[in-house]
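Here the structure comes first, spelled out in structure tokens, and everything after it is commentary.
Just follow the structure's listing: the first ligand is 1, and inside any ligand the first atom is 1.
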Amino acid sequence: MKDKLAPIDTLSLRQAKAEHARLADEIAANDRLYYQEDVPALSDADYDALRRRFEALEAAFPELVRPDSPSQTVGAAPSAKFAKVRHKVPMLSLGNVFSDEDVSDFVARVRRFLGLGADAPLEITAEPKIDGLSCALRYEFGRLVQAATRGDGFEGEDVTANVMTLKEIPQRLKGSAPDIFEVRGEVYMTHADFAALNEREASSGKAGFANPRNAAAGSLRQLDPAVTASRPLRFFAYAWGEVSALPADTQLGMVGAFVDYGLPVNPLMKLCHSAEDLLEFYHGIADQRASLGYDIDGVVYKVNSIGLQERLGFVSRAPRWATAHKFPAQQATTVLRGIDIQVGRTGALTPVARLDPITVGGVVVSNATLHNEDEIARKDIRIGDTVVVQRAGDVIPQIVSIVESKRPSGAKPYEFPQVCPVCGSAAIREIDAKTGTADVVRRCTGRLICAAQAVEGLKHFVSRNAFDIDGLGEKQIEQFFAEGLIRTAADIFTLEARDRRSLQRLQNREGYGETSVRNLFAAIEARRQVPVNRFIYALGIRHVGETNARRLARHFGAFGALHATARLAGEGTEARAEITNIAGIGSVVAESIADFFQEKHNEEVLDALLKYVTPTPMEEIVSASLVAGKTVVFTGSLEKMTREEAKAQAERLGAKVAGSVSKKTDLVVAGPGAGSKLDKAKEFGIETIDEDEWLRRAGAVE
Ligand code: IVH
């Protein structure tokens with residue numbers, strides 16, 4: 001929205017009409033981006049400001065209100081890719097308040113409407129406003145039968161299969177819920193899960209999500225429920241839709257019933273008795289916001305008595321008995337002092353803004369992401385600019401805009417480096433052969449002669465899902481690399497023998513006692529044999545994350561077989577076709593594998609490494625399997641893999657998979673919704689484990 005808008009009372013009807021039409025379009029466009037495409041273009045604060053201006057226009061010029069006006073609708077129509085679900089009770093939105101005064105007005109309005117005197121008791125609940133996406137879960141006779149997104153408030157998207165994969169959402173309610181019980185709440189992702197997901201996405205060459213809300217929305221609105229299942233989504237129940245009976249007569253009582261039924265609820269909800277209480281709650285939550293571990297964008301106040309809620313009813317798109325008290329956007333302005341370019345393991349050049357330190361929402365920020373070179377050009381960000389920094393639900397602070405009026409004279413457009421700042425090799429944007437478009441990411445072509453790529457590659461090599469060497473973390477890798485002790489992966493295994501004095505040198509280093517050095521050498525020694533899939537993953541081949549490494553390991557069995565094939569896998573060869581034919585491995589991955597093994601330097605590093613390390617072939621892993629020779633039954637829904645995958649995995653590990661439970665069954669793997677097979681397993685006293693435990697046992701040897 002433009003900064004300077006004429007005061008509404010100075011507008012003519014013609015001007016108001018023009019602005020009303022423009023704002024309606026703008027709101028509709030932003031709703032579409034937010035609700036359907038999960039890529040909001042405006043910050044929440046800007047969006048709210050847009051809506052407030054729009055509503056003020058309609059209040060001053062009621063003749064402008066149309067039934068399809070954004071003030072009369074919520075969100076955006078559901079996307080065409082999902083089946084539609086008509087909400088029996090519309091899923092409406094909430095009005096907003098922003099200031100302490102607004103909160104007092106809200107309470108006063110409720111009292112006035114109900115004819116309550118200033119001293120008459122009035123209970124209002126307060127709870128965090130979760131920044132996720134709302135979802136309605138319909139239970140019939142205690143069973144989850146349907147799940148839908150809000151959509152436009154009247155019609156949402158059918159996401160039943162996806163929601164069924166959420167661990168926190170029970171497939172069956174506990175206790176005695178009403179026959180029809182539609183519970184509503186927010187699907188969200190924690191900061192920790194979001195960070196891990198983005199790391200995983202990045203390691204398989206994907207762009208990742210901008211913030212936990214987008215990640216949650218993108219994960220829930222997947223056409224393939226298996227993708228949703230692999231994403232760590234959570235849920236807080238806070239409202240209800242159609243119900244055949246109400247188990248309580250207050251908001252708090254309903255939330256208590258949710259708990260009895262086994263539904264997760266937010267633990268911070270509180271009962272308040274005055275506007276002062278509400279404000280105390282609001283400020284208390286604002287103080288805790290940074291440490292909650294999930295994003296909230298305000299608090300919600302609700303009249304506690306359901307009887308009073310019914311009397312208060314709704315105005316247009318929001319209840320009169322509830323409101324959202326939104327946090328101001330966490331923004332601040334500071335000066336951009338420089339742009340550093342970080343070089344990642346795959347050579348990606350990532351620009352990072354170095355800022356004059358500034359407190360944004362209680363956290364000191366001195367770096368912010370600039371995403372990529374197009375983003376810098378699009379916003380015309382220049383060194384020396386005064387910039388608006390935002391931490392609105394984002395884990396990594398972002399630069400939202402620049403303050404053009406404060407640009408120092410002589411500030412020049414930023415020129416993104418064309419060579420790697422670490423090794424000086426050319427940095428290029430690859431052209432997608434199919435689309436002819438340039439990749440948004442510029443990459444260093446120096447591969448392993450690039451110190452940055454080498455260090456990042458080594459960090460990857462020792463990381464938890466690769467060699468996982470105790471006592472050799474990112475910090476130690478950086479130190480050892482800088483001192484020339486470790487330059488390539490093979491050097492790790494010669495550290496002890498190569499440099500007799502290294503023990504002493506390491507000891508002198510801070511935090512390194514004799515014991516830690518001995519432990520480190522022992523940990524390295526223990527890794528001279530690693531499962532072949534871990535070995536492949538550790539090589540850091542682009543697009544070969546854990547899953548693809550496992551696929552390759554399964555297909556080739558021994559590393560030697562992969563090595564021999566990949567070496568000959570030039571374009572159009574039989575060897576290339578063999579790799580492309582592995583289920584789940586496409587042409588981009590196959591090309592990347594072939595490129596890796598065709599590079600002479602990689603071959604040298606690999607030859608050296610194989611002198612010290614033996615990748616354990618797949619068959620040996622199988623014979624060591626914890627489940628080898630056992631008869632296994634899978635029941636209920638699996639969340640991390642398909643039935644076929646589970647069966648194939650079990651068989652690969654030497655187990656036999658049966659369809660029904662009998663006395664001969666050794667192990668039952670039960671997921672949510674497991675029914676009679678689970679009962680039978682219990683009856684026969686058969687060991688029963690969940691999917692995670694299964695994966696642990698399978699993973700312990702893979
Ligand atoms: S109550 C009739 N409680 O905020 C109103 N909503 O801006 C029912 N939200 O659509 C909603 N946390 O997606 C309620 N504790 C909470 C909430 C909450 C987040 C979302 C919800 C709603 C939107 C309104």
Side-chain angles (χ1 to χ4, degrees), residues 27 30-31 34-35 38 40 44-45 47-48 51-52 55 70-71 73-76 78 87-98 106 110 124-137 147-154 156-157 159 182-189 212-214 216-217 220-221 233-243 250-252 254-255 258 263-272 278 281-282 285 289 292 294-304 306 308-310 312-327 393:
I27 291 172
N30 279 291
D31 280 352
Y34 185 94
Y35 291 104
D38 304 325
D44 284 0
Y47 178 81
D48 288 339
R51 262 206 114 106
R52 274 207 303 283
E55 280 159 18
S71 60
T73 60
V74 185
H87 299 301
K88 296 262 170 38
V89 177
M91 285 182 85
L92 297 178
S93 186
L94 289 171
N96 293 321
V97 295
F98 293 90
F106 165 71
V110 167
I124 301 181
T125 60
E127 67 199 72
K129 183 170 189 300
I130 316 299
D131 198 6
L133 75 157
S134 47
C135 194
L137 314 175
T149 63
R150 181 169 71 173
D152 62 6
F154 301 99
E157 296 154 343
V159 286
E182 185 196 322
V183 65
R184 292 175 176 179
E186 205 83 354
V187 171
Y188 70 100
M189 199 179 277
R213 200 207 79 86
N214 285 3
L220 188 68
R221 299 167 76 248
L233 294 176
R234 294 170 193 254
F235 184 74
F236 280 132
Y238 53 65
W240 59 96
E242 192 191 12
V243 290
T250 60
Q251 190 71 33
L252 212 58
M254 287 298 285
V255 171
F258 294 165
L263 292 159
V265 303
N266 189 284
L268 300 171
M269 184 176 185
K270 199 169 169 262
L271 187 62
C272 297
L278 298 180
F281 179 84
Y282 172 84
I285 293 286
R289 183 178 183 186
L292 286 179
Y294 49 87
D295 279 342
I296 61 172
D297 55 350
V299 300
V300 181
Y301 307 134
K302 300 171 185 171
V303 169
N304 191 32
I306 296 173
L308 295 185
Q309 289 184 1
E310 280 164 5
L312 283 155
F314 292 82
V315 253
S316 69
R317 64 187 185 103
R320 219 182 253 114
W321 48 265
T323 196
H325 190 172
K326 298 281 271 288
F327 291 133

When you measure from [atom] to every protein heavy atom, which one gives the shortest distance, and what is it?
atom                    : answer
atom 11 (C) of ligand 1 : Tyr238 CE1, 3.9 Å
atom 12 (N) of ligand 1 : Ile130 N, 3.0 Å
atom 3 (N) of ligand 1  : Lys302 NZ, 3.1 Å
atom 13 (O) of ligand 1 : Glu186 OE1, 3.0 Å
atom 23 (C) of ligand 1 : Lys129 NZ, 3.9 Å
atom 5 (C) of ligand 1  : Leu94 CD2, 3.6 Å

Between Asn304 (side chain only) and Gln251 (backbone N and O only), is there a donor and an acceptor less than 3.5 Å apart?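 Present.
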With Tyr238, which of Glu127, Lys302, Glu186 fulfils side chain to side chain donor-acceptor pair (under 3.5 Å)?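 Single pass found, and it is Glu186.
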Considering only heavy atoms of [X], which atoms of ligand 1 have at least one such atom less than 4.0 Å away?
X      : result
Ser93  : 7 (O), 24 (C)
Glu127 : 3 (N), 15 (N), 16 (C)
Arg150 : 10 (O), 22 (C)

Could you measure the distance from the CE atom of Met189 to the CG atom of Leu220? Nearest 0.5 Å is fine.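 The distance works out to 10.0 Å.
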Roughly how far, to the nearest 0.5 Å, is CG of Asp295 from CZ of Arg213?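 One finds 10.5 Å between CZ of Arg213 and CG of Asp295.
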Take every heavy atom of Met91, measure it against each atom of ligand 1, and state whether any distance is under 4.0 Å.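 Not so, Met91 does not reach ligand 1.
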Sub-6.0 Å ring centroid separation between Tyr301 and Tyr282: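 Ring-ring flag for Tyr301/Tyr282: false, centres at least 6.0 Å apart.
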Would you say the rings of His325 and Phe98 are close, in the sense that their centroids are separated by under 6.0 Å?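 When the ring centroids of Phe98 and His325 are compared, they turn out to be at least 6.0 Å apart.
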Using the test side chain to side chain contact (heavy atoms under 4.5 Å, CB included), find all partners of Arg320 that sit at least two apart in sequence or belong to another chain.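 With neighbours one apart ignored, the set is Phe113, Leu312, Val315.
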Side chain to side chain contact (heavy atoms under 4.5 Å, CB included) with Val255: which residues, sequence neighbours excluded?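 Per chain and number, Val255 pairs via side chain to side chain contact (heavy atoms under 4.5 Å, CB included) with Phe258, Val265, Met269.
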Look only at interatomic distance and state if Pro128 has a nitrogen or oxygen under 3.5 Å from any nitrogen or oxygen of ligand 1.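 Pro128 vs ligand 1: N/O contact under 3.5 Å present.
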Minimum non-hydrogen distance to atom 2 (C) of ligand 1, winning option of Pro319, Gly241, Ser134, Gly132: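 Considering heavy atoms of Pro319, Gly241, Ser134, Gly132, the nearest to atom 2 (C) of ligand 1 sits in Pro319.
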